[in-house]
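Naming convention: chains lettered A, B, ... in sequence-line order (proteins, then strands); numbering from 1 in each chain.
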Amino acid sequence: MAQANELKKQYKKRTLAQETWRRLVKNPGAMLGLGFLGLLIMAAALSPFIFDYEVDVIGQNMSERLMAPGAAHWFGTDEYGRDLFARVIYGARYSLIIGVGSVLLGLVVGTILGSQAGFHGGVIDSIIMRGIDIFYSIPNIMTAVVIVSLLGPSTVNLMIALAFSCASSFARIVRASVMTIRDQEYVESSYAMGLPTWKIIVKHILPNCLSPIIVQITLLIGTTIISASSLSFLGIGVPAPAPEWGALLSAGRGHIRDASYMCIIPGLAIMFTVLALNLLGDGLRDALDPKMKK
Amino acid sequence: MANKTILEVQNLTKFFNTPGGQLHAVDGVSFKIEEGKTLGIVGESGCGKSTTGRTILKLLEPTGGKILFDGQDITGYSRKQMRPLRQEMQMVFQDPFSSLDPRQTVMQLISEPIIEHKLLKSKAEIEARTLELMETVGLAERYVNTYPHELDGGRRQRIGIARALAVRPKLIVCDEPVSALDVSIQAQILNLLKKLQKDLGLTYIFITHDLSVVKYFSDDIAVMYLGQMVEKAPSDILFQNPIHPYTKALLSAIPLPIVGGDKPKRQLIKGEITSPVNLPDECRFMKRCDCVQECCKNGNPQLREVEPNHFVACSCV
Amino acid sequence: MAEDLVLDIKNLVVHYETEDADVHAVNGIDISIGKKRTLGLVGETGAGKTTTALSILNLVPNPPGVIKEGEIFLEGKDVLKMSSADLEKMRGNDVAMIFQDPMTALNPVMTVGDQIGESIAIHQNLSKKEAFEKAKEMLKMVGIAESRAYDYPHQFSGGMKQRVVIAIALACSPQLLIADEPTTALDVTIQAQVLELMKMLIQEQEMSMLLITHDLGVVAEVCEDVAVMYAGRIVEKGTADDVFNHMRHPYTEGLFDSLPNLKQRGEELVPIKGLMPDPSDLPPGCAFAPRCPYATEECSKAVPQLMPVDGSETHFVACSAYNHPEFRLRGNKDGK
């Protein structure tokens with residue numbers, strides 16, 4: 001039916017995603033955050049082509065140790081003479097990969113648990129949610145410490161450890177949205193249509209929970225980057241000599257009096273990244289809010 | 001064909017457990033509908049009319065009684081067993097703003113049941129059928145890719161009707177399909193439903209609080225109060241000769257758009273509908289009724305045939 | 001004549017200016033309500049009824065709402081020129097408003113007695129205790145037992161809540177009561193009770209009322225005067241008898257023809273074709289022309305003004321078809 005296809009093109013309207021984007025563009029904070037993240041992602045992606053990992057990032061050069069920021073080394077050098085600029089940019093890879101990876105892992109697990117709890121209610125809901133409550137009452141860092149200690153320190157294990165806390169917060173959000181959407185008439189209408197339950201969840205309920213989930217993703221990536229840095233700072237995160245931001249901070253701790261830039265620069269990197277993510281998250285929340293729609 | 005019973009409901013009950021006790025939302029409702037006819041179920045909020053409609057479609061599990069659709073006892077059917085039957089019985093919902101998934105386009109919404117029941121296979125056929133359905137319900141082609149929130153209530157209700165029609169059902173339960181719409185749009189939708197009934201031989205259960213709408217629309221009318229039918233009769237008879245005091249009050253309460261002339265005097269009834277929890281064994285309307293007699297306290301009256309086809313549940317008649 | 005008017009709105013224009021569009025909600029309306037008169041403002045969703053009501057109290061949400069033009073005289077004083085202190089004094093004291101949804105109009109954590117007493121205490125300078133006593137009297141007046149003054153809103157049913165809302169509105173004996181769809185959320189038998197109550201109280205307290213509704217039946221029940229609103233303009237106004245029995249505007253006729261309860265069973269309803277125009281993109285000339293079965297080319301040229309019908313003092317219609325003296329509506333009961 002070429003005719004029908006033509007119709008489709010002819011009456012193409014803005015999709016909801018396009019609408020959201022249109023509103024997001026009007027929010028200067030969100031655009032600033034998005035711009036910064038864009039640069040950071042680009043830098044992280046290009047860093048292996050700019051820097052030689054073995055030489056520039058982890059290669060030691062004792063003759064140039066503890067040089068203050070200047071023309072030769074924009075961010076200065078650390079106690080082993082490694083260029084801090086290269087390490088911070090390269091470190092963005094770790095932070096972003098760990099942040100995004102653990103959040104996505106948590107998202108999958110949390111969504112499955114949360115949607116089951118919210119949709120079925122009753123006993124299933126109680127079991128899942130009480131489990132999550134117990135988990136929530138233990139500090140995140142503690143859980144992560146235990147998991148990393150059990151599995152051994154590595155980037156992947158760190159992601160798994162952090163994914164746990166992400167999963168519980170996703171489960172709660174998804175459950176709450178599913179519970180409101182479950183009682184909407186269009187869900188009942190899908191039953192009357194004869195759709196099987198799993199299809200209703202996947203096709204009609206989850207897509208309508210998307211807004212809070214998207215917002216939560218951006219905000220949680222920020223939190224997770226901080227947690228990952230904290231764990232590295234404590235020495236149980238990404239093993240040395242990888243230039244993870246938390247590890248950089250930790251290394252700078254000893255030189256906080258004579259070479260404070262070693263702490264300040266990675267600290268600022270973490271701060272700006274998290275700030276950018278939060279600005280974007282807030283912007284998305286407003287842009288996705290149906291009340292803002294006309 | 002004219003006399004074939006398509007749906008029979010026998011002594012249907014639906015109770016909900018609430019903290020205050022058992023709520024008798026539907027309490028012993030029985031009726032039959034012949035193919036191609038319309039049964040209007042009328043009552044105020046909380047009388048159980050919507051619950052009745054949803055229980056018939058097995059969107060709610062009945063507590064007791066029997067539902068016979070086309071001679072088939074579907075009372076105990078599971079969701080899975082009901083699935084093929086969803087092609088035969090459909091529903092049009094009250095609220096055109098919450099009964100459509102906001103993330104789907106008109107095309108997706110209307111084609112969903114066709115795809116789900118595998119009525120057509122090729123994409124082209126499905127699209128052609130969707131456009132045909134849009135034409136049937138009077139939706140212009142240019143809306144195929146719009147989202148429900150971009151459309152007004154009347155058009156959204158047309159989408160709901162198209163979705164129900166997509167599977168070529170025999171029976172459609174219309175739950176207050178026009179009460180959320182403006183008068184001029186209401187008339188458009190009512191005319192559409194009526195035309196569809198004539199063209200496609202549909203059977204309707206028309207649930208509403210608005211007696212003027214059912215009068216225009218239904219062959220038979222059942223009036224419900226606190227989970228029970230208090231009066232049931234062919235439309236003309238019910239409007240000419242209402243017998244149950246509640247029906248009379250309901251009829252008289254409609255504000256008529258007439259100024260001056262022979263405007264009938266209104267009969268007000270006192271009090272408000274209560275919730276059907278822990279009901280004593282007496283007439284449920286007694287507390288609001290003006291003509292209570294001793295017999296009203298002795299048991300809950302059942303429907304009796306007082307004249308041919310006219311059933312009333314009142315001990316005083 | 002003019003000094004008898006409780007409310008006199010002159011050429012009111014209200015726009016909602018949003019990012020995407022300039023919504024022309026009210027486009028130059030003139031209405032007035034005399035002492036002890038009840039005016040029904042009829043129209044469909046989006047006709048600008050509620051905006052008109054909010055303008056009277058100067059409560060149009062700003063932004064995005066802007067009162068562009070016009071004067072609203074409340075007992076001779078222009079509401080739009082009042083200071084905010086005067087406005088606060090006026091609201092509740094001279095004018096009270098009843099909203100559509102009684103469920104959300106009451107504060108759930110205050111007893112109804114306190115809620116009624118609150119406005120009495122503010123406007124009449126009474127002590128809290130005296131105000132509460134007065135509140136009990138008000139409850140009795142709207143048919144609720146005095147003892148229930150100590151109850152919270154959730155302990156009341158919808159109809160009872162609307163009675164409480166009425167009691168709050170009438171507590172300070174306002175000159176004008178604005179009721180915005182007061183019975184739409186209620187069941188028919190309860191609606192009948194509440195309408196009866198309002199009718200009685202208005203007579204007793206010698207108030208004027210502006211009743212906003214989409215339901216012609218309710219108007220016939222309660223109102224002496226009627227104004228029909230369409231796309232932000234008054235298209236016809238007059239006494240209830242003028243509008244119901246001698247209607248002149250095609251839209252008014254369309255509204256009546258759409259009602260199922262006047263028809264016999266099986267007869268086809270005659271709906272108004274099409275939809276209300278988008279108020280941010282009104283057609284030129286008469287806004288009803290695209291839906292009007294009588295429309296001619298002339299209709300989209302100029303916006304018709306309200307003109308008296310056959311020299312009548314009360315009945316006005318805004319329709320350019322009457323420029324031709326022989327024009328008649330098809331269903332005109334007069335036969336004139």
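- Within 6.0 Å of atom CD in Glu204(C), more than 12 heavy atoms from other residues, nucleotides or ligands are found, so the atom counts as buried in its surroundings.
- The heavy-atom pair separating Asp187(C) from Glu44(B) by the smallest distance is CB-OE2, 3.0 Å.
- Nearest heavy atoms, Gly274(C) versus Gln188(B): O-NE2, 3.1 Å.
- Put simply, of Gly154(B), Ala187(B), Ser252(B), the one with the most heavy-atom pairs under 4.5 Å next to chain C is Ala187(B).
- The shortest non-hydrogen separation linking Pro255(B) to Val218(C) is CB-N, 3.7 Å.
- Atoms CG and CE, on Asp182(B) and Met276(C) in that order, are 6.5 Å from each other to the nearest 0.5 Å.
- Open room surrounds NZ on Lys36(C); 12 or fewer heavy atoms of other groups in view lie less than 6.0 Å from it.
- Heavy-atom distances place the side chain of Leu195(C), and not its backbone, under 4.5 Å from chain B.
- What you find for Val188(C) and Leu250(B) is that their closest heavy atoms are CG2-CD1, 3.7 Å.
- Only the side chain of Gln191(C) comes within contact range of chain B, with heavy atoms under 4.5 Å apart.
- More than 12 heavy atoms of other residues, nucleotides or ligands lie within 6.0 Å of CD in Glu307(B), so this atom counts as buried by the packing criterion.
- Distance check, rounded to the nearest 0.5 Å: CG of Leu216(C) to CG of Leu256(B) gives 11.5 Å.
- When the candidates Ala249(B), Gly46(B), Ser45(B) are compared by the number of heavy-atom contacts under 4.5 Å with chain C, Ser45(B) comes out ahead.
- Looking at Glu196(C), the atoms closer than 4.5 Å to chain B (heavy atoms on both sides) all sit in the side chain, from C-beta outward.
- Along residues 159-166 of chain C, the residues that come nearer than 4.5 angstrom to chain B, judged on non-hydrogen atoms, are Gly159(C), Met160(C) in order of number.
- For CD of Gln203(C), the number of neighbouring non-hydrogen atoms (other residues, nucleotides, ligands) closer than 6.0 Å is 12 at most.
- When all heavy atoms are compared, the tightest approach of Val259(B) to Phe244(C) is CG2-CG, 3.5 Å.
- Here Ser184(B) is the residue among Ala253(B), Gly43(B), Ser184(B) with the most heavy-atom pairs under 4.5 Å with chain C.
- The choice from Glu221(C), Lys273(C), Arg291(C), His214(C) that makes the most heavy-atom pairs within less than 4.5 Å of chain B is Glu221(C).
- Here the OG1 atom belonging to Thr189(C) is positioned 4.0 Å from the CZ atom belonging to Arg288(B), to the nearest 0.5 angstrom.
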